[in-house]
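So the structure is just underneath, and the comments pick up after that.
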2 protein chains.
Amino acid sequence: MTQKGITLKDVAAAAKVSRATAARALNSYGYVGDETALRVLEAAERLGYRANLVAQALRSGQLPIVGFVPGDIQNPFFARIAHDIEVELRKHRHNLLIASSEENVEQEKELLESLRSLSIRGFILAPTSATDNQHIVQLAHEGAPVVLIDRVVKELQCDSVVVDNEGGAREAVDYLVSNGHDRIGLLRDDSRIFTAQERLAGYQNSLQSHGIALDESLISVARSTVEHAVDATIRLFSRRNRPTALFTVDSLMTQGALLGLRSMGLSIPHDVSLVGFDDFNLATFTDPQITVVAQPISEIGPLAARFLLERLAGKKIAPRHIRFPTRLIVRGSVAHLRGR
Amino acid sequence: MTQKGITLKDVAAAAKVSRATAARALNSYGYVGDETALRVLEAAERLGYRANLVAQALRSGQLPIVGFVPGDIQNPFFARIAHDIEVELRKHRHNLLIASSEENVEQEKELLESLRSLSIRGFILAPTSATDNQHIVQLAHEGAPVVLIDRVVKELQCDSVVVDNEGGAREAVDYLVSNGHDRIGLLRDDSRIFTAQERLAGYQNSLQSHGIALDESLISVARSTVEHAVDATIRLFSRRNRPTALFTVDSLMTQGALLGLRSMGLSIPHDVSLVGFDDFNLATFTDPQITVVAQPISEIGPLAARFLLERLAGKKIAPRHIRFPTRLIVRGSVAHLRGR
DNA sequence: TCGCGATGTGAGATCGATCTCACATCGCGA
DNA sequence: TCGCGATGTGAGATCGATCTCACATCGCGA
């Protein structure tokens, strides 16, 4: 009711000037007489005028909206990042539009298509695929600033904020080895391919550096959901010569492993040692608490948002690639095997 | 690069017709010759034409965007709902813009202000305050459809989707009483005032119906974060004559209680019985698992989205108020006290 | 054969904000 | 006193899609 339909035209009429002059007064550009400007501002105030952002966007070609396409907004990792991005954007009067790809490349393509026609200013993406990324390359070439988080696209040069997955995984496995383990299972996913590959590499590199032969049968692959991880865990530990330790590549996998092991009556760390990638609230509620590789999650969102805002402000510098180190948080889920 | 700047004008030129005819062919209205229509569609296809939604919005006054203002997107409850809403909207070619109020009325007001100038089509809100809601009433009166979730606004008649907080809380406390408890602590929050009040009422009503006098000293109030809940729990259980059971009003409170009790060396259910409002993944990972009042969380988002879409489609019926029942999930965190 | 409804198309207006261009006035230095 | 830069303002174009209105043609029934 109140300010419905108050346009610049109304303000101009109330101040008895043209729309051009009203615009000049409100946006402080060009020449405007002091007394005139005052009259316009006063009229705008009185009528409760608010510029129509859609009209502005039609002229400028851009809405003050940034698109965020995470793998899954329900994943606490992305929920936290979404929140941080939104806070940062809000400071610069931008809005955040979230569209979850649900780790599905086809859906990711469709989402980007539809966001494109919204004339969105820029994008923060966590690409689902490690290989099928032509649509993202194309998006970037059309001029919309793109910042990648969590995962990079090899063919595309743009700002990115990721985590040292290889190093984190290596540190986790090193820690297990240093506690006497050499039959170390790996529970990895097939969807977040980029990070999964890096974490797999860290696992392999650690084993190799300690002269432990890679045993493919200790690696179990599952879709990144708690349910699938439970099954994969049970499969892995139903084998005759089962692993003495398990490394899980993300927090959903870790949760699945916890449930799977419990259902098999295997206790942690007595029967199996466990280290997970990605810290999560649950890790400190279990008994024992779970040892994890923590990501600096609170830094990713704000930095990605800042990078994007700088690009939107026209900053022209070489793409920045930030790779945060991880941190091993030792709790109680790893047993020391002696004599083995 | 590709379809940058392909407008209706380009399509019309390529098909050698006017913009008006091109629009008619593409949007299937008015009279267009079959052969002409085909030529236009073919040209649009070939050029990769995509209608500019901003321009459409300027005419229609509305962008295909719905705003969602939850209390906190990091809360898994709202993250899940956000996800469900997005999926539902996407089916109808609408986008979801998420702006978290962080349980702060002032921020909620600012967010709505800024979303308003975006010409957003409708809103799904979880109002932060139980009393200060004039801005929401005003928003609704300006004509934008509003659907409330989780919490209602007494002064406003509009669609709402909430949960039977009073009944759920009553059932939880009834269950504790039926297990012989009569000194039952309550850990409640001060921010989500609407739900908190209802849950408090359920607690009071249950006690009253069993003839148990209300003891204000058994009620502890804290901000709805894990940290504050830990403190409040410790405060409550440091008293001489401590409660034999505790009811917590949301999952963050429940987590805080778990940590607080553990830090005091109190074991569940041996020393204290516990029932929490709101189920959460962690509740099944603890030992024992936590008995909770579960909300039908998977129904809230889709229903709210459907209500809003119906309003956007022009449906004119009386506001619908849906109040879902809750469900008590009995696990292992409540002990039976005999003889007491 | 005439007339009118059905069919088909384009010119131009519109949504709201902003920018360009043209024009008018003022005041100061030569 | 003249002239020109500085100052101030409005008409109208523009962004892109859509809609109204005007106009033209066609074909069928009377």
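Residue numbers begin at 1 in each chain, while the letters A, B, ... track the order of the sequences.
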### Summary
note: Q62(A), atom CD; dG16(C), atom P; distance rounded to Å ~ 22 Å
### Summary
Rounded to whole Å, the CD1-P distance (I6(B) to dA17(D)) equals 10 Å
### Message
Looking at dC4(C), which nucleotide sits across from it as a Watson-Crick or G-U wobble partner, both distances under 3.5 angstrom, or is there none?
### Response
dG27(D)
#### Entry: Separation of dC19(D) P from L8(B) CG (nearest whole Å)
12 Å
### Query
Can you tell me how far P of dA17(D) sits from CG of N27(B), to the nearest Å?
10 Å
### Message
Using the side-chain heavy atoms of T7(B), tell me which of these nucleotides is nearest: dT9(D), dG16(C), dG16(D).
### Response
dG16(D)
### Query
Are K109(B) and E106(B) close enough for a salt bridge, meaning some N to O gap below 4.0 Å?
yes
#### Entry: Under-4.0 Å salt bridge between R306(A) and E310(A)
no
### Summary
V17(A) has its side chain closest, among dG10(D), dG16(D), dG16(C), to dG10(D)
### Task
Output the single nucleotide from dA17(D), dT9(C), dA11(D) whose closest atom is nearest the side chain of Q56(B).
dA17(D)
### Interatomic spacing from NE2 in H135(B) to CD in E110(B) - rounded to 0.5 Å
11.0 Å
### Query
A20(B) near the nucleic acid: base, sugar-phosphate alone, or nothing, with a heavy-atom cut-off under 4.0 Å?
base
### Task
Decide yes or no, distance alone: a donor-acceptor N/O pair under 3.5 angstrom between the base of dG10(D) and the side-chain of R24(A).
yes
### Query
Is it true that E42(B) and R46(B) make a salt bridge, defined as a side-chain N closer than 4.0 Å to a carboxylate O?
yes
#### Entry: Any donor-acceptor N/O pair under 3.5 Å between dT18(C) base and R19(A) side chain
yes
### Message
Please pick, from dG16(C), dG16(D), dG10(D), the nucleotide with the shortest atom-to-atom distance to any side-chain atom of R59(A).
### Response
dG16(C)
### Query
Taking OP1 and OP2 of dA17(C), is either one under 4.0 Å from a side-chain nitrogen or oxygen of Y49(A)?
yes
### Task
Give one of base, sugar-phosphate or nothing for T36(B), where a contact means two heavy atoms less than 4.0 Å apart.
sugar-phosphate
### Message
Whether R320(A) engages the ring of F307(A) as a cation-pi pair (distance to the six-membered ring centre under 6.0 angstrom, angle to the ring normal within 45°) should be assessed.
### Response
yes
#### Entry: Between P of dG10(C) and OH of Y29(B), the distance in whole Å
13 Å
### Query
When the distance from OH of Y31(B) to P of dC23(D) is rounded to whole Å, what number comes out?
19 Å
### Query
Would R223(B) and E103(B) pass as an ion pair if we require N to O under 4.0 Å?
no
### Query
Watson-Crick or G-U wobble partner for dT20(C), using a 3.5 Å limit on both distances?
dA11(D)
### Query
Separation of E35(A) atom CD from dC26(C) atom P, in whole Å?
16 Å
### Spacing of R50(A) atom CZ relative to dA17(C) atom C1', expressed in whole Å
15 Å
### Task
Please determine if a side-chain N or O atom of S18(B) lies less than 4.0 Å away from the OP1 or OP2 oxygen of dG10(C).
yes
### Query
Side chain of L58(B): nearest nucleotide among dA17(C), dC15(C), dT9(D)?
dC15(C)
